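Below is one structure, written out as structure tokens, with a few remarks after it.
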Amino acid sequence: MIEPARLRRDIQGVASRLALRGFTLDVARFEALDTRRRDLQAETERLRNERRTTSRRIGAAKAAGEDIAPLVAAVGGLGDRLSAAARDFDSVRAELDEFSRSLPNVPDASVPPGRDESDNLELRRWREPADFNFTPKDHVDLAPSLLDLEAAAKLSGARFSVLRGPLARLHRALVQFMVDTHVQDHGYEEVYVPYIVDRAALLGTGQLPKFEDDLFAVRGERDQFLIPTAEVPVTNLVRERILAASELPLRFVAHTPCFRSEAGNYGKDTRGMFRQHQFEKVELVQVVAAGDSWPALEELTGHAETILRKLDLPYRAVALCAGDLGFAAAKTIDLEVWLPAERRYREISSCSNFLDFQARRMMARCRSPESGRPEYVHTLNGSGLAVGRTLIAIMENYQDGDGAIHVPDALRAYMGGVTRLDAAA
RNA sequence: GGAGGGGUGGCUGAGCGGUCGAAAGCGCUGGUCUUGAAAACCAGAGGAGGAUCACCUCCCCAGGGUUCGAAUCCCUGCCCCUCCGCCA
């Protein structure tokens, strides 16, 4: 959420910053709502004050044995006027709240301008893509016996996978390797969290109220959803908390499945397991003091990059342009892995600094050691990494042209001695 | 699923429908004392929103209701605990 005082102070400035990301802020609507809000709030509070003062006087008069009838008569229509004003105030406030919660975060000044993916700014590359002396296959053609998309389609429809034998194991090995690296080398605390969350959690991280169509709702009497990312349950661990400064930074790593309806992506990445309704991800989440989030973004991105480097996968880092930025992010650095069959880099991790945007929505604060007052924390997260996509990258980059896929050295310990997968049918 | 008991400030825990944002204890912060610490003593301190920055309003799980007035009474929901049943 954008700071309400900032909206009131500089709505035009915010509007022009949001325009960079292609968002049109309805300035007139905000100003009209806020004017109404101010008037109704003043009126409501004035009436409440009057009621309180009079009621206390009645109490005092009664205790003194005086006649309270005239006083009671004096507050006559007050109740009705108050409830009318309060009702209007509540509805305007709800409208304003919905409006504010629908505004995306303001892009940081360092975010490159641009409309879409093609305007993203490449920051660095690591390892040039290898030259194959044969035509590399994509992951679908590589492992027909181990990646069974038809079986998955029979069970659940499009955009699901069934992995078999050593490929399923490689998938699991990746999870263990990633989590272990982040815990042992990078100092994260591993957490296990629910995969079903309520509306409040999704409001906190920004998936709601705007993106309900992207989620799978759970049927039943409860209003719950499958998590689209571990970001939701993990970041919400600090919701409505006032942390001690000494507790920060918090660094969590969680492995969870993620569920996305992919509504609006019907024609996109339909082949293979690149874009799925269900996939595994190892997620890094940091909660830091307000001044520390920019270095933390660099650090967290580096932690995700470490996984790619240990797996010896060619990748590049790009800064998302304003138009490509996610709803809650002030800045995002994507890591894109090289896929030889596609001959291009594809997203495998997205590392974002949300500044206090999520913290405001969640009321996640920390007590300032200087002032002793609560102030909003900053939150960050990034994939470390998307497991299914990493599996694709290994399959495609580690193929040998004879129908085999070699196991990266870093994963050997997790593969029980298996060093190559015979993936052909 | 059935039966019962609870949800009050960082924690424990009081609170006749009427200055109750709320006693007390612990913990916390500052001070006195001390070489330093502890102890003792003194003092201080909740959160949110608004504002004409003097103040005002809201918050005792949440949402309704009764009342001139609700932490306190009534209803609903949520959560926690105990027992029984079932169960990965």
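A quick note: this is a predicted structure, and the numbers were derived from the prediction, not measured. Per chain, numbering begins at 1; letters A, B, ... match sequence-line order.
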Base, sugar-phosphate alone, or nothing: which one does A:Arg373 contact when heavy atoms must sit under 4.0 Å apart? sugar-phosphate

Check whether any side-chain N or O of A:Arg101 sits under 3.5 Å from a backbone N or O of A:Pro209 as a donor-acceptor pair, and report yes or no. no

Is there a donor-acceptor pair closer than 3.5 Å between any side-chain N or O of A:Arg21 and the backbone N or O of A:Asn105? yes

Rounded to whole Å, please give me the gap between CZ in A:Arg361 and C1' in B:rA48. 18 Å

Pairwise C1' distance, B:rU12 and B:rG6 [rounded to whole Å]: 15 Å

Could you give the distance separating B:rA22 and B:rG18 at their C1' atoms, to the nearest angstrom? 14 Å

Would you list the protein and nucleotides 67-74 of chain B atom pairs, both N or O, that sit under 3.5 Å from each other?
unit_1 : atom_1 : unit_2  : atom_2 : d
B:rC68 : O2'    : A:Ser55 : OG     : 3.1
B:rG69 : O4'    : A:Ser55 : OG     : 2.9

Where at least one partner belongs to residues 80-91 of chain A, residue pairs that pass side-chain hydrogen bond (donor to acceptor under 3.5 Å, both in side chains), sequence neighbours excluded: A:Asp90-A:Arg93

Does A:Arg241 reach a base, just sugar-phosphate, or nothing at all? Heavy atoms under 4.0 Å. nothing

Under the side-chain hydrogen bond (donor to acceptor under 3.5 Å, both in side chains) rule, what pairs show up with a residue in residues 190-202 of chain A, not counting sequence neighbours? A:Arg199-A:Glu212, A:Arg199-A:Asp223

Can you tell me, in whole Å, how much space there is between the P of B:rC11 and that of B:rC28? 15 Å

State whether A:Phe274 and A:Arg346 meet the cation-pi test: NZ (Lys) or CZ (Arg) under 6.0 Å from the six-membered ring centroid, and within 45° of the perpendicular axis. yes

Base, sugar-phosphate alone, or nothing: which one does A:Arg222 contact when heavy atoms must sit under 4.0 Å apart? sugar-phosphate

For B:rA62 and B:rC80, measure between their C1' atoms and round to the nearest Å. 15 Å

Is the shortest side-chain N/O distance from A:Arg52 to OP1 or OP2 of B:rG21 below 4.0 Å? yes

Categorize A:Arg46 for me: base, sugar-phosphate, or nothing, with a 4.0 angstrom heavy-atom threshold over every strand shown. nothing

